[in-house]
Amino acid sequence: REVEQAFKRAKDYLLAWRDNPACVQINRLLLSNASAAVKERALALKGFLRPPNFATFADPYTYREVAGQPRLYDGCHVSWRGKVANLVLGDSSAAFDLLVGYESERQLEGTVPVVLEFAADLQDGIGLEVLGRVVADGSVLRLVGVSLHRLVP
């Protein structure tokens, strides 16, 4: 019964264009003790999720929520502000650590590795808002960047 309810919630969220909550419901199914057939159906639903942009992004999750249960939020999108550290630039990519919550240099919530699969004009120490997809490798959390906003100090 709980599996049926989770599927129904996931489908309802997808039909309402609310991909983040749908993704969480799908991950609940994938992390449960449901049968292999149920998990295959859940994976098929995950294929309908689409990356947002800053104009369409809804249903945000905080760093604290995601860091507490990274696997539950795997594949969801987040928009976090922070400062760039340990920047490595490539011709068509970039990687850095985002010091989440430290854009105003008051409180550091955590550090998250970010990979950008596109070129970006960045430098260490600048403030950014990163829209990215959560990738959970076990309990390790990282982001694959979708879009960036540079913050004005």
Side-chain angles (χ1 to χ4, degrees), residues 1-84 88 90 92-103 107-122 126-151:
R1 181 173 181 196
E2 289 177 27
V3 168
E4 289 174 6
Q5 288 175 344
F7 262 110
K8 182 178 179 346
R9 281 193 300 268
K11 286 186 225 176
D12 289 346
Y13 284 133
L14 282 171
L15 290 172
W17 301 97
R18 296 183 62 203
D19 285 8
N20 262 356
C23 186
V24 169
Q25 292 303 315
I26 292 166
N27 287 340
R28 282 188 202 286
L29 290 167
L30 294 173
L31 295 170
S32 73
N33 62 353
S35 69
V38 167
K39 290 182 178 187
E40 283 182 38
R41 287 180 49 210
L43 273 176
L45 277 181
K46 209 166 190 179
F48 291 102
L49 301 175
R50 295 291 171 245
N53 59 45
F54 279 108
T56 63
F57 182 65
D59 302 307
Y61 296 114
T62 66
Y63 173 79
R64 177 175 276 168
E65 288 173 305
V66 176
Q69 299 182 70
R71 293 178 62 207
L72 182 62
Y73 296 95
D74 185 46
C76 293
H77 287 83
V78 295
S79 177
W80 293 337
R81 293 174 175 230
K83 280 204 178 221
V84 174
V88 177
S92 60
S93 64
F96 58 90
D97 291 331
L98 182 67
L99 306 177
V100 180
Y102 201 63
E103 70 278 2
Q107 181 178 356
L108 176 65
E109 294 178 42
T111 304
V112 178
V114 178
V115 173
L116 304 178
E117 296 171 344
F118 54 88
D121 182 21
L122 300 173
I126 63 167
L128 282 182
E129 182 174 8
V130 176
L131 177 60
R133 179 176 43 86
V134 174
V135 176
D137 297 321
S139 62
V140 177
L141 168 67
R142 63 186 175 89
L143 294 181
V144 175
V146 174
S147 188
L148 305 172
H149 272 164
R150 190 174 233 168
L151 302 175

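Keep in mind it's a predicted model, so treat the numbers as computed, not measured.
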Is any side-chain heavy atom of [Y] closer than 4.5 Å to one of [X]?
| X | Y | result |
| --- | --- | --- |
| Thr111 | Tyr102 | no |
| Cys23 | Cys76 | yes |
| Leu143 | Val134 | yes |
| Leu14 | Leu49 | yes |
| Leu148 | Leu122 | yes |
| Leu116 | Ser93 | no |
| Pro21 | Tyr61 | yes |
| Leu141 | Tyr73 | no |

Problem - side-chain contact (heavy atoms from CB on, under 4.5 Å) evaluation trace for Thr56 with Trp17 - result: CA-CA 10 Å; Thr56 63; Trp17 301 97; over 6 Å; no
All pairs passing salt bridge (charged side-chain N to carboxylate O under 4.0 Å, His left out) where [range] contributes a residue, at least two apart:
| range | result |
| --- | --- |
| residues 16-37 | Arg18-Asp59 |
| residues 42-52 | none |
| residues 64-84 | Arg81-Glu129, Lys83-Glu105 |

Handout entry: Candidate pair Leu72 and Val24, rule side-chain contact (heavy atoms from CB on, under 4.5 Å), full reasoning
Key = CA-CA 6 Å; Leu72 182 62; Val24 169; 4.0 Å; yes
Practice task
Just do the side-chain contact (heavy atoms from CB on, under 4.5 Å) check on Asn20 and Tyr13 with the steps written out, would you?
Solution key: CA-CA 8 Å; Asn20 262 356; Tyr13 284 133; over 6 Å; no
Taking atom [atom1] of [X] as the centre, report whether more than 12 heavy atoms of other residues, nucleotides or ligands fall under 6.0 Å from it.
| X | atom1 | answer |
| --- | --- | --- |
| Asn53 | CG | yes |
| Glu2 | CD | no |
| Phe48 | CZ | no |

Problem - Contacts of type salt bridge (charged side-chain N to carboxylate O under 4.0 Å, His left out), residue Arg133, not counting sequence neighbours - result: none
Problem - Set of salt bridge (charged side-chain N to carboxylate O under 4.0 Å, His left out) partners for Lys11, sequence neighbours left out - result: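 Salt bridge (charged side-chain N to carboxylate O under 4.0 Å, His left out) check on Lys11 returns nothing, list empty.
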Exercise for the section: Quick one: list whatever passes side-chain hydrogen bond (donor to acceptor under 3.5 Å, both in side chains) with Ser92, sequence neighbours left out. Expected result: none
Handout entry: For Leu29 against Ala6, the heavy-atom pair lying closest together
Key = CD2-CB, 3.7 Å
Handout entry: Where Leu151 and Glu103 come nearest, the two heavy atoms and their spacing
Key =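 Heavy-atom minimum between the residues: CD1-CB, 3.8 Å.
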Practice task
Please work out whether the ring planes of Tyr63 and Trp80 are parallel, tilted or perpendicular, with thresholds of 30° and 60°.
Solution key: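 The rings of Tyr63 and Trp80 stand perpendicular, inter-plane angle above 60°.
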